[in-house]
Every structure is written in structure tokens, then in C-alpha cells.
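Keep in mind that this is a model prediction, so the values were computed, not measured. Along the sequence shown, the residues carry numbers beginning at 1.
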Amino acid sequence: MGALLFLAFAFFAVGQAAASRNSAQTAADAAALALAQDARDQLRTGLLDAVGSGGELADWLGLDGPIDGADCAVADDFAGRNGAVVTRCEPGTVFDPEYTVEVRTREPIGNSVIPGTESEYATADATAVIEPRCWLAPGDEGGGRGRDPVNLECDDRDWSLDPDNGDSLPEASDLFSVHLSE
């Protein structure tokens with residue numbers, strides 16, 4: 001009977017550790033996605049500014065525009081909402097659009113029949129990637145032709161970016177996708 005009781009406690013400890021690990025992974029995924037989405041918003045702003053000023057649009061669509069970099073405070077916020085703290089934050093660049101976050105749970109795994117778990121914390125990491133969803137339509141390859149509308153062909157829909165008509169501009173998610181890398 002004692003062996004069965006010990007086995008039940010051991011299964012409970014393993015389940016407790018797995019739940020803590022899943023919580024850490026959720027926090028890491030959310031933080032990495034938030035970090036990449038912050039950069040994606042900057043890419044959209046840069047692209048729309050280039051349309052209005054006659055800048056080089058192909059750079060922005062090819063993820064070569066000069067963004068400031070995503071703010072790790074965004075990753076901290078999302079990790080915190082999921083019961084974790086960021087231990088490493090690596091914002092990507094336009095030349096390497098991968099955004100990596102590593103987190104540690106705020107609470108230790110806890111007491112169990114396995115010695116030492118009361119001071120162990122679950123950790124996890126995640127990487128999010130930005131990918132363009134649009135390209136310049138044929139005939140607009142030069143991009144940036146002053147105040148003329150610029151035509152984009154996108155995965156879901158085509159857009160005509162008119163710097164004089166801000167009512168029909170695409171959202172960041174229309175221009176760039178963000179997803180966790182595998």
C-alpha cells in the first residue's frame with residue numbers, strides 16, 4: 001500500500017512539473033509573439049511613411065527597412081501576464097526577423113516527494129518570425145513614385161496605397177504575418 005501511495009505522489013509531482021513547464025511555454029510564446037508584433041507595427045508605419053514620401057517600398061516589403069527594433073518591455077508585459085519573467089530577450093532586426101524570448105516562471109514547481117523541486121523553476125523559450133505577405137504589383141517595382149498610389153499584391157487581397165486617402169490603408173497583419181518558428 002505504501003508503494004502505491006508513493007507512486008501516486010510521484011505521478012502528482014510529474015504532473016505538477018509538466019503543468020509548470022506548460023505555463024512557462026505559454027508565457028514564452030506570448031512574449032515572443034508580442035515582441036515580433038511590435039516590430040511588425042513599426043514595419044507597417046515605415047512602409048506607409050515611404051508611400052507618402054516617395055521612399056523605397058521594396059526595402060520595407062523585403063524586411064529591409066530601418067526599424068528601431070522591438071521593445072523588450074512588450075515581451076516582459078506579456079510574460080508577466082502569464083506568470084513568468086523574461087530572462088533573455090533578443091529582438092530581431094530587419095535583416096534577421098526572428099524574435100526570441102526565454103522566460104522563467106515566477107513560482108517554483110513546489111514541494112513534492114521529489115527532493116529539490118521546491119526551489120526549481122520552469123523555463124521555456126520561443127522564437128517568433130515576421131514574414132512579408134505582400135509584394136509590389138507589376139509596374140510598381142520601383143515603388144515610391146511621389147504622391148501616386150502604389151499597388152500591392154498580397155496573400156489575401158490586393159491593396160492600392162494612396163498617400164492622399166488614409167481611410168483604406170491595410171493593417172499590419174495584412175502586410176506581414178507573425179508566427180512562432182518551428
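- The CG atom of Leu169 sits 10.0 Å away from atom OG of Ser160, with the distance rounded to the nearest 0.5 Å.
- Side-chain atoms of Thr127 do not come within 3.5 Å of backbone N or O of Glu98 as any donor-acceptor pair.
- The shortest side-chain heavy-atom distance between Arg157 and Asp174 does not fall under the 4.5 Å cut-off.
- Taking each heavy atom of Ala126 and Gln25 in turn, the nearest pair found is CB-NE2, 4.0 Å.
- Enclosure of atom CD in Glu153 by more than 12 non-hydrogen atoms of other residues, nucleotides or ligands within 6.0 angstrom is indicated.
- We find the CG-CG distance between Asp71 and Asp76 to be 8.5 Å, quoted to the nearest 0.5 Å.
- Distance check, rounded to the nearest 0.5 Å: SG of Cys134 to CG of Asp156 gives 8.5 Å.
- Residues Thr87 and Val103 come closest through the heavy atom pair OG1-N, 3.9 Å.
- Of all heavy-atom pairs between Cys154 and Trp159, the closest is SG-CD1, 3.5 Å.
- Nearest heavy atoms, Arg40 versus Phe176: CD-O, 3.2 Å.
- Cluster membership for Leu48 and Val150, using ILVMFWY side-chain heavy atoms within less than 4.5 angstrom, is shared.
- Val101 and Val129 are assigned to two separate hydrophobic clusters, defined by single-linkage of ILVMFWY side chains at heavy-atom distances under 4.5 Å.
- Within the 4.5 Å cutoff, side-chain heavy atoms of Leu152 are placed close to those of Leu161.
- Side-chain contact between Ser173 and Arg44 is absent, with no heavy atoms from C-beta onward closer than 4.5 Å.
- Looking at Leu33 and Leu180, their side chains come closer than 4.5 Å, going by heavy atoms from C-beta outward.
- Side-chain contact check for Gln37 and Asp41: no donor-acceptor pair (N or O, by modelled atom type) lies under 3.5 Å.
- Taking the charged nitrogens against the carboxylate oxygens, Asp125 and Arg88 have no contact shorter than 4.0 Å, which rules out a salt bridge.
- Using a 4.5 Å heavy-atom cutoff, the side chains of Phe78 and Leu35 are not in contact.
- Side-chain contact between Leu43 and Ile130: present, with at least one pair of heavy atoms (C-beta onward) separated by less than 4.5 Å.
- Shown here for Ala31 and Ala75, the closest heavy-atom pair between the two residues is CB-O, 3.4 Å.
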